Amino acid sequence: MTPDLSNCVEAARALLGWKLVHETAQGKTSGYIVETEAYDMSEPASHSYGGQRLRNAPMYQEKGTIYVYFTYGMHYCMNIVTGPKGHGQAVLIRALQPVEGIELMKQRRGLVSEKNIANGPAKLTQALGIDRSQNNTHLQGGALYLEPGITPQGIVQTTRIGISKAVGHPWRFYIAGSDYISRR
DNA sequence: AGAGCGATGGCCT
DNA sequence: GGCCATCGCTCTA
């Protein structure tokens, strides 16, 4: 069960409130998606810009494919692929509100505050135990999947964070008033 | 074959 | 607010 993933910008909005779940040998962890960003092959901030290559190939797969990339020599970030096969687009999951397996997530993150468990794209992959082995897998039928969660009472749309190109696109979304987003 | 740099986070001041 | 860790992908030669 997934929201409509036919377009990255609409999907980024629609994914807010859904519960992202990961089941591992250590246990089950999950959180409500509270912050997202859309990326599309038409703009240079996207990994899919400039055509398909080995690294970005998952972005060109079927909607619901998972794209995990490694950056800054130490961080993993996770995206949910959207659009038809052959169109390089995806939604970056930027923050979660912890729900299940909070103790395990704290253990993985090595800290105490619940607000800091998953309030950033690389923090949430560490908390849920996501790495390269989930890259190019699919939300359907895997250990990493979506479940219905909460209905956001308000959604804020603004510009994306941490990029230097195509900075004007208002393709970042977060749940209004959430204490678990990376920044306002 | 090799240099440059990034959709970041943590720790320091 | 600023700096640094750390590595693999991409581009150029």
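Quick note on labels: first sequence line is chain A, next is B, and so on, each numbered from 1. Side chains are part of it too, since the values below use all heavy atoms of this structure and drop only hydrogens, waters and symmetry mates. A quick note: this is a predicted structure, and the numbers were derived from the prediction, not measured.
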Nearest of [options] to any side-chain atom of [X]?
| X | options | answer |
| --- | --- | --- |
| A:S46 | B:dG9, B:dA7, B:dG10 | B:dA7 |
| A:Y67 | B:dA7, C:dT10, B:dT8 | B:dA7 |
| A:N79 | C:dC11, B:dA7, B:dT8 | B:dA7 |

Backbone of A:M59 reached by a side-chain donor or acceptor of A:N56 within 3.5 Å: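 Not a single qualifying donor-acceptor pair exists.
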Please tell me if [X] has a side-chain N or O lying less than 4.0 Å from either OP1 or OP2 of [N].
| X | N | result |
| --- | --- | --- |
| A:H75 | B:dG9 | no |
| A:R109 | B:dG10 | yes |
| A:K123 | B:dG10 | yes |

Over how many whole Å does the gap from [X] atom [atom1] to [N] atom [atom2] extend?
| X | N | atom1 | atom2 | value |
| --- | --- | --- | --- | --- |
| A:Y72 | C:dC7 | OH | C1' | 13 Å |
| A:N119 | B:dG9 | CG | C1' | 10 Å |
| A:Q89 | B:dA7 | CD | P | 18 Å |
| A:L124 | B:dA7 | CG | C1' | 12 Å |
| A:Y76 | C:dC9 | OH | P | 10 Å |
| A:Q52 | C:dT10 | CD | C1' | 15 Å |
| A:E37 | B:dA7 | CD | C1' | 7 Å |
| A:D131 | C:dG8 | CG | P | 13 Å |

Pick base, sugar-phosphate or nothing for [X], based on heavy-atom distances below 4.0 Å to the nucleic acid.
| X | result |
| --- | --- |
| A:F70 | sugar-phosphate |
| A:M59 | base |
| A:R53 | sugar-phosphate |
| A:R183 | nothing |
| A:A122 | sugar-phosphate |

Residues A:R172, A:E35; criterion salt bridge (Lys or Arg N to Asp or Glu O under 4.0 Å); working and verdict: CA-CA 7 Å; A:R172 173 172 175 253; A:E35 182 181 343; 3.0 Å; yes
Connected via hydrophobic side-chain network under 4.5 Å: A:L128 and A:L15: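 A:L128 and A:L15: one cluster.
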Same cluster (ILVMFWY, side-chain, under 4.5 Å), A:Y72 and A:Y76: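 In one cluster with A:Y72: A:Y76, no.
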5'-most by nearest nucleotide on DNA chain B - A:N116 or A:I163: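 Closest to the 5' end, via its nearest nucleotide, is A:I163.
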Residue matched to B:dC12 through Watson-Crick or wobble contacts both under 3.5 angstrom: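 Pairing partner: C:dG1.
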Residue matched to C:dT6 through Watson-Crick or wobble contacts both under 3.5 angstrom: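 Per the H-bond distance test, none.
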CD1-NE2 distance between A:I163 and A:H169, expressed to the nearest 0.5 angstrom: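 The distance works out to 8.5 Å.
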Along DNA chain C (nearest heavy atom to each residue), the more 5'-positioned of A:R132 and A:M74: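 Counting from the 5' end, the first nearest nucleotide belongs to A:M74.
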Stepwise ring-ring contact (aromatic ring centres under 6.0 Å, His included) check, A:H47 with A:Y69: CA-CA 10 Å; A:H47 286 179; A:Y69 67 88; 4.5 Å; yes
